[in-house]
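Every heavy atom of this structure was used, including side-chain atoms; hydrogens, water molecules and symmetry mates were not.
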Amino acid sequence: MLRRALPRRPEARRLLVGTLLSAIGRGLTLPFLFIYLTDVRGLTDTRAGLAIGWYGAVTLVLSPLGGTLIDRFGARRVVLPCLLIEAVGTGSLALVDSSASAFAVMTVIAVGSSAIWSGQNTILASLTDDGERQRVFGLNFALLNLGIGIGGMTSGAIVDTARPVTFQAVYLLDAVSYLMPALILLTLPGVGHRLGAGRAAGQPSPGGYLTVLRDRPFRRLVIFGLILTTCGYAQIEVGFAAYAVRVVEVSPRVVAWALAANTVTIVLAQLLVLRRIEGRSRTAALALVGTVFAAAWLVLGAGGLISTESAVLAALCVVACSAIFGFGETMLSPMMPALTNALATDELRGRYNAMSSMIFGISGVIGPVTAGPLLAAADGRVWVATVVGGCLVASLVALSLRRLLTPAQDGRVTAEPTSPEPTPATA
C-alpha cells in the first residue's frame, strides 16, 4: 500500500520528506500556543484568543494575493521566501512578553504562512496526475501528522508552564524546521515554476478570482470546508486544549498524548483508508468526515461530565476524542485537495488552492474568537453543542455537492495513470 501511495516522480517524493521534517517542528508547538500565551506569558483568555484570531485574519487577507502571485510567477518564487518569513516569526514567539508583541509576531507568522499551503499543494499537484493525486495528498497528510505526533510527544516531555525556557526552546526548534523544506526545494531547480503556456496577443485572459467563485461546485466545496474547519480544525489549538485542561482537568502532558493518539491513528489507518476510498464518492466521504468529527467532540464532552467521578476515564476520553478525530482526517486529507485540483485549471490552479487554504484563514478567525465565550458558558457544554451541530451541518452540505459534480470529479471514475510534466510559461 505504501508503494502504491508513493508518487512516481522523485521530485515529489523529496518534497514529501520536507513535509515530514517541517511537521516535526510544528508538532512541538501545535497544542500549546493558547496555554503558552495565557499561563506562561500572562495574557488574558480574550487577548490570547484575539491574537490567534488576528493571525487567521491576516492570513485570510493575504491568501488571495499569494494565489495570484503563484499563478503569475510560479509557486517556487512565492514559497521559498514565505518559508523563511515563517521561520523568523515562529522563532520570535519565544520572545513574546506582552499583548503587543504577541500581535506583532502573529502578524509575521501570518505573512509567511499565507501562501505556503497553497504553494506547496500547487507544486505537488503539478508533479502528479489525476489518478495518483488523491493517494499522494493522503500520504502527504499522513507524513504531516507523523511529524506532528513525534514533535508533540517530544514537547509533552519537555514543556512546563513553570519554566518558560522550555516553551522558548520548542519555538526555536520549530523555526529551524521550516528551513528544511526550503533547502529541499532549492535542490530542485526545475520544480515550482509557472504552470500553463504564456498568453498570445489577443488571447482571452484565463480569469481571476471571480472566475473561481463562479465555479458553483467549488463554491459549494468552500462552504462545506468553512463550516467543517470552523467546528473542527480551528478548535484544536484553543477549544480542544482549553476544554481538556480546564473542564476535563487533565494536564498538558495528557493533551500531548492525545495528539500522539491522533498521529498513531492516522499513520496506521491512512494507507488502508486510501485503498478503501479509491473509486468511491468523494462527497460521501466528506459527509462521513463531518459525522466522525461530531462523534469525536461528543466523546470529549463526555469527558467533561465524568471528570469529577473518574480522572482516568476522563483522560481516556480526551485521548479517544483525538484518535476519532484523526480517523476523520484520514478521509478529509486526500479528498479536499484532490477535489479542489480536479476542479481547477492549470492557469488558475494557484488561485483555486489559495481559496482552499483561505478556508483555514476564515475559520482561524471565527474559531479562536468564539471558543473563549462558548467555553465560559455552562462549563463548556455550549461549546460542545455548537461544534457537534456544526460538523453535522457540514455533512449535509457535502451531500448536496454530489449532484453538481461529474463522476470523474467525484472520484467514482478512476483516471488512467499518466506521467505529468509541469508546463512552464513561455517568456
Worksheet entry | ring-ring contact (aromatic ring centres under 6.0 Å, His included): pairs with one or both residues in residues 153-172, sequence neighbours excluded | Y36-F167, Y36-Y171

Practice prompt. Please examine the side chains of L300 and V318, heavy atoms only from C-beta on, and report whether any two atoms are closer than 4.5 Å.
Written response: yes

Worksheet item: Can any side-chain N or O of R41 pair as donor or acceptor with the backbone N or O of V96 at less than 3.5 Å?
Response: yes

Item to complete: Take T128 and R135 through the test side chain to side chain contact (heavy atoms under 4.5 Å, CB included) and record every step on the way to the result.
Response: CA-CA 10 Å; T128 54; R135 298 191 300 269; over 6 Å; no

Worksheet entry | Pairwise side-chain contact, L83 with L179, heavy-atom cut-off 4.5 Å (strictly under) | no

Worksheet item: Is it the case that more than 12 heavy atoms not belonging to R246 sit under 6.0 Å from its CZ atom?
Response: yes

Item to complete: Applying side chain to side chain contact (heavy atoms under 4.5 Å, CB included), run through I24 and S177 and close with a yes or a no.
Response: CA-CA 7 Å; I24 293 175; S177 74; 5.9 Å; no

Discussion item. Within this structure, what is the CZ-CD1 distance for the pair R13 and I184, rounded to the nearest 0.5 Å?
Written reply: 14.5 Å

Discussion item. Are I266 and N262 packed together at the side-chain level, in the sense that at least one heavy-atom pair is separated by less than 4.5 angstrom?
Written reply: yes

Worksheet item: Within a strict 4.5 Å, meaning less than it, do heavy atoms of the V88 and I85 side chains meet?
Response: no

Worksheet entry | Separation between CG of L80 and CD1 of I116, rounded to the nearest 0.5 Å | 10.0 Å

Practice prompt. Evaluate side chain to side chain contact (heavy atoms under 4.5 Å, CB included) for L332 paired with L286, printing each intermediate quantity in order.
Written response: CA-CA 6 Å; L332 180 66; L286 292 177; 3.6 Å; yes

Fill in: Any side-chain donor near an acceptor of the partner, Q120 and N140, under 3.5 Å
no

Fill in: Greater than 12 external heavy atoms within 6.0 Å of R219's CZ
yes

Discussion item. For the CG atom of L16 and the CG atom of L6, what is their distance to the nearest 0.5 Å?
Written reply: 7.5 Å

Practice prompt. Quick one: which residue pairs count as a ring-ring contact (aromatic ring centres under 6.0 Å, His included) with a foot in residues 133-157, not counting sequence neighbours?
Written response: none

Practice prompt. Can you measure from CG (L33) to CE (M106) and round to the nearest 0.5 angstrom?
Written response: 5.0 Å

Discussion item. Tell me if a side-chain donor or acceptor on S395 pairs with a main-chain N or O of T291 at a distance below 3.5 Å.
Written reply: yes

Item to complete: Determine whether Y209 and T68 make a side-chain contact, defined as any pair of heavy atoms from C-beta on separated by less than 4.5 Å.
Response: yes

Discussion item. Under the salt bridge (charged side-chain N to carboxylate O under 4.0 Å, His left out) definition, can you give me all pairs with a residue in residues 55-81, not counting sequence neighbours?
Written reply: D71-R351

Response to the item:
Residues Q168 and A94: closest non-hydrogen pair is NE2-O, 2.9 Å

Worksheet item: Are M355 and L213 close enough that some pair of their side-chain heavy atoms sits under 4.5 Å apart?
Response: yes

Discussion item. Looking at Q270, is its backbone amide N or carbonyl O close enough to the side chain of T330 to form a donor-acceptor pair, meaning the two atoms are under 3.5 Å apart?
Written reply: no

Worksheet item: Do you know the tightest heavy-atom contact between W117 and S357?
Response: CD1-CB, 3.7 Å

Fill in: Any residue meeting salt bridge (charged side-chain N to carboxylate O under 4.0 Å, His left out) with D160, in chain and number order, not counting sequence neighbours
R163

Discussion item. Main chain of V111, side chain of S114: is a donor-acceptor contact present, judged purely on distance under 3.5 Å?
Written reply: yes

Worksheet item: Do you know which two heavy atoms are closest between S99 and L43, and how far apart they sit?
Response: OG-CG, 3.8 Å

Discussion item. Whether the side chain of T90 engages the backbone of A87 through a donor-acceptor N/O pair (distance < 3.5 Å, no angle test) should be reported.
Written reply: no

Discussion item. If you compare all heavy atoms of E132 against all heavy atoms of L127, which two are closest, and at what distance to 0.1 Å?
Written reply: OE2-O, 4.0 Å

Practice prompt. Show your working on side chain to side chain contact (heavy atoms under 4.5 Å, CB included) between L93 and D174 and close with a plain yes or no.
Written response: CA-CA 10 Å; L93 278 171; D174 190 12; over 6 Å; no

Practice prompt. For the residue pair Q235 and Y243, confirm or rule out a side-chain donor-acceptor distance under 3.5 Å.
Written response: no

Fill in: Donor-acceptor contact below 3.5 Å, side chain R280 vs main chain R276
yes

Practice prompt. Report yes if some heavy atom in the side chain of S251 is under 4.5 Å from a heavy atom in the side chain of V254; otherwise report no.
Written response: yes

Fill in: Residue pairs involving residues 270-319 (criterion ring-ring contact (aromatic ring centres under 6.0 Å, His included); sequence neighbours excluded)
F293-F325, W297-F325, W297-W383

Discussion item. Surrounding CZ of F218 (heavy atoms of other residues, nucleotides or ligands, distance under 6.0 Å), is the total greater than 12?
Written reply: yes

Worksheet item: Can you tell me how far OG1 of T187 sits from CD of E11, rounded to the nearest 0.5 angstrom?
Response: 10.0 Å

Fill in: Contact summary for A244 and V255, nearest pair of heavy atoms
CB-CG2, 4.1 Å

Discussion item. Distance alone, cut at 3.5 Å: any donor-acceptor contact between the side chains of D410 and T283?
Written reply: yes

Discussion item. Within the 4.5 Å heavy-atom criterion, are R282 and L405 side-chain neighbours or not?
Written reply: no

Worksheet item: Rounded to the nearest 0.5 Å, how far does CG of L60 lie from CD1 of I362?
Response: 5.0 Å

Using a 3.5 Å cut-off and no angle test, enumerate the donor-acceptor pairs between side-chain atoms of residues 334-343 and protein atoms at least two apart in sequence or in another chain.
from : atom 1 : to   : atom 2 : distance (Å)
T340 : OG1    : M336 : O      : 2.9
N341 : OD1    : R349 : NH1    : 3.1
N341 : OD1    : N353 : ND2    : 3.2
N341 : ND2    : P337 : O      : 2.9
N341 : ND2    : N353 : OD1    : 3.3

Worksheet entry | For G290 against C391, the heavy-atom pair lying closest together | O-CB, 3.3 Å

